[in-house]
Amino acid sequence: MADAGNRVRVWDAPTRIFHWLLVASFAGAWLTRDARHLDVHEFFGYAMAALVAFRLAWGFSGTRWARFASFSYSAPAAWKYLAALARRRQAHFVGHNPAGSWSIYGLLALAALSVVTGLVALGAEKRLGVLAGWFGYRVGDIAHELHLWLAYAMLALAAAHILGVLAGSFADRENLVASMLSGYKRATGAAAGVDAKYGIAVMIVLALGLGALAYFHAYPPAGGAGRVPSLALALDLAWKNECSGCHLAYHPSLLPARSWSRMFDEQESHFEEDLALSDASLQHLRTYAARNAAEALASPVAWKMATTIPAEAAPLRISATAYFEERHARLEAATWERVRPSACGTCHRDAEAGTFAPGAMIHVDLEKSAGQDGK
Amino acid sequence: MSTWRSPLAKMANSRWFPRRGIALAAGLALHAAASAGPVDDLLQQFRAQGAGNFTAAAGAQLWERVALDAKTGQARRCALCHTDDLTRMGKHATTGKAIEPLAPSVNPERLTDRADIEKWLTRNCKWTFGRECTPQEKGDVLTMIRSR
């Protein structure tokens with residue numbers, strides 16, 4: 001099996017830089033999947049979108065082995081290659097082998113779909129990004145779910161791709177990972193090497209670098225917290241002054257209108273207190289609450305509250321609702337011995353604003369923060 | 001300038017400005033200024049309702065009185081939230097929210113808004129004692145708070 005082929009440049013620089021930047025972006029997006037790092041996660045999504053867009057263009061205008069035309073194989077061809085690989089009888093391909101080609105197209109498609117579903121979810125649930133407000137919360141919820149499935153599918157395919165690269169490397173006795181770094185592979189016959197096209201590779205790196213600078217530098221910090229700008233819910237000074245006398249001024253979007261109505265009707269026994277609000281004050285507060293209750297769907301939390309509280313229920317205690325319990329299920333029971341459920345501001349910087357963005361949460365060291373509850 | 005004397009000293013020693021007159025005038029002016037506050041307005045109102053002779057001592061006694069809540073049996077008193085030392089931060093007994101000190105000497109915003117005073121007296125007397133405070137009790141406790 002003496003292969004007397006010489007080593008030529010097969011992968012140009014733009015293809016290589018694209019590959020590794022995509023790997024880094026996917027890894028980065030995966031590591032920042034926690035909602036508290038949404039701003040960074042979003043950046044990696046934009047990076048992947050730009051990289052995939054470039055690859056699609058380069059697939060038609062790049063050097064020989066980067067073009068899609070050079071690695072378009074049918075599904076049967078891919079299967080045949082895998083079967084041959086299993087018997088160590090595979091042929092040597094200068095460019096991508098048939099099976100590898102399919103995983104490439106699969107990864108590109110999954111990346112593109114992840115970006116799209118991510119943008120839809122972001123625009124629908126958080127009202128941010130290029131698709132801000134395009135869809136309602138229900139669509140956003142579905143898109144979010146799809147986004148998760150696609151991410152796991154992409155992880156699985158990436159794992160398969162890595163296994164394939166390792167298997168192919170051993171079978172062909174060629175370090176394919178090193179090839180994707182240096183660009184050089186063993187060529188057969190009269191295959192000539194391609195140009196490196198370093199200039200374009202440099203432009204790609206510059207574009208992403210400048211993009212990162214603009215992205216992270218241009219975001220205004222939301223209340224000194226995480227960099228995700230929050231939605232702006234309607235606030236009322238009278239509401240804040242009245243309610244924050246004893247507790248956080250809970251935003252009306254956290255309960256349906258019928259809850260607030262019931263609360264004001266029963267103001268003489270508001271959690272054992274007689275509020276004794278004046279008629280003028282009561283009227284003002286009723287109006288503000290009715291207009292900005294959960295049904296107004298001004299925030300993702302409002303939507304969840306409006307759709308999960310049974311129609312016949314008018315709960316007065318936010319922390320006793322199913323959605324609250326679902327969101328706080330991860331906390332240990334011991335947490336509630338140190339922090340009152342009614343003291344939202346202990347962990348949520350934007351509690352009074354009513355938005356409860358994950359990016360605006362603070363990590364509270366419960367050992368040290370004894371006595372600071374109730375803020 | 002060893003023989004310079006202040007205008008005030010000159011006035012006080014002048015035949016034309018009786019000292020007692022100045023003292024009286026100053027006293028009246030100060031008294032008039034003090035009456036303009038919301039607490040005094042409320043005290044006037046309480047007097048009109050039959051109460052009188054408000055003392056800080058009586059207010060302090062009310063402050064320490066313990067009442068049992070009819071429904072839960074919880075022992076309630078003013079100090080439960082506001083503490084016995086009005087110059088210190090308090091803490092809401094149910095929500096745990098921090099409460100600014102009540103003493104005007106430490107917190108100048110206290111006792112400056114009449115509607116505010118009335119609202120909280122109504123609400124908190126009801127919670128603590130299960131009933132509205134009488135005008136006498138309100139006058140006493142305001143007199144006490146003002147002195148801290």
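Convention: sequence-line order gives letters A, B, ...; per-chain numbering from 1. When reading the values below, keep in mind they use all heavy atoms of this one structure, side chains included, and skip hydrogens, waters and symmetry mates.
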Novice: Are any of the side-chain nitrogens in A/Lys126 or A/Glu42 under 4.0 Å away from the carboxylate oxygens of its partner?
Specialist: no

Novice: Taking only Lys NZ, Arg NE, NH1 and NH2, and the carboxylate oxygens of Asp or Glu, determine whether A/Arg286 and A/Asp265 approach each other closer than 4.0 Å.
Specialist: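 Looking at A/Arg286 and A/Asp265, the cut-off is met.
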
Novice: Can you say whether A/Leu275 sits under 4.5 Å from chain B via the side chain, the backbone, both, or neither, judging by heavy atoms?
Specialist: both

Novice: Tell me, do B/Thr143 and B/Leu43 make a side-chain contact under 4.5 Å, heavy atoms counted?
Specialist: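 Contact flag for B/Thr143/B/Leu43 side chains = yes.
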
Novice: In terms of heavy-atom pairs under 4.5 Å with chain A, which of B/Thr94, B/Ile99, B/Thr122 leads?
Specialist: B/Thr94

Novice: Does a side-chain N-to-carboxylate-O contact under 4.0 Å join B/Arg65 and B/Glu137?
Specialist: yes

Novice: A/Pro341, A/Ser278, A/Ser244: which one forms the most heavy-atom pairs within less than 4.5 Å of chain B?
Specialist: A/Ser244

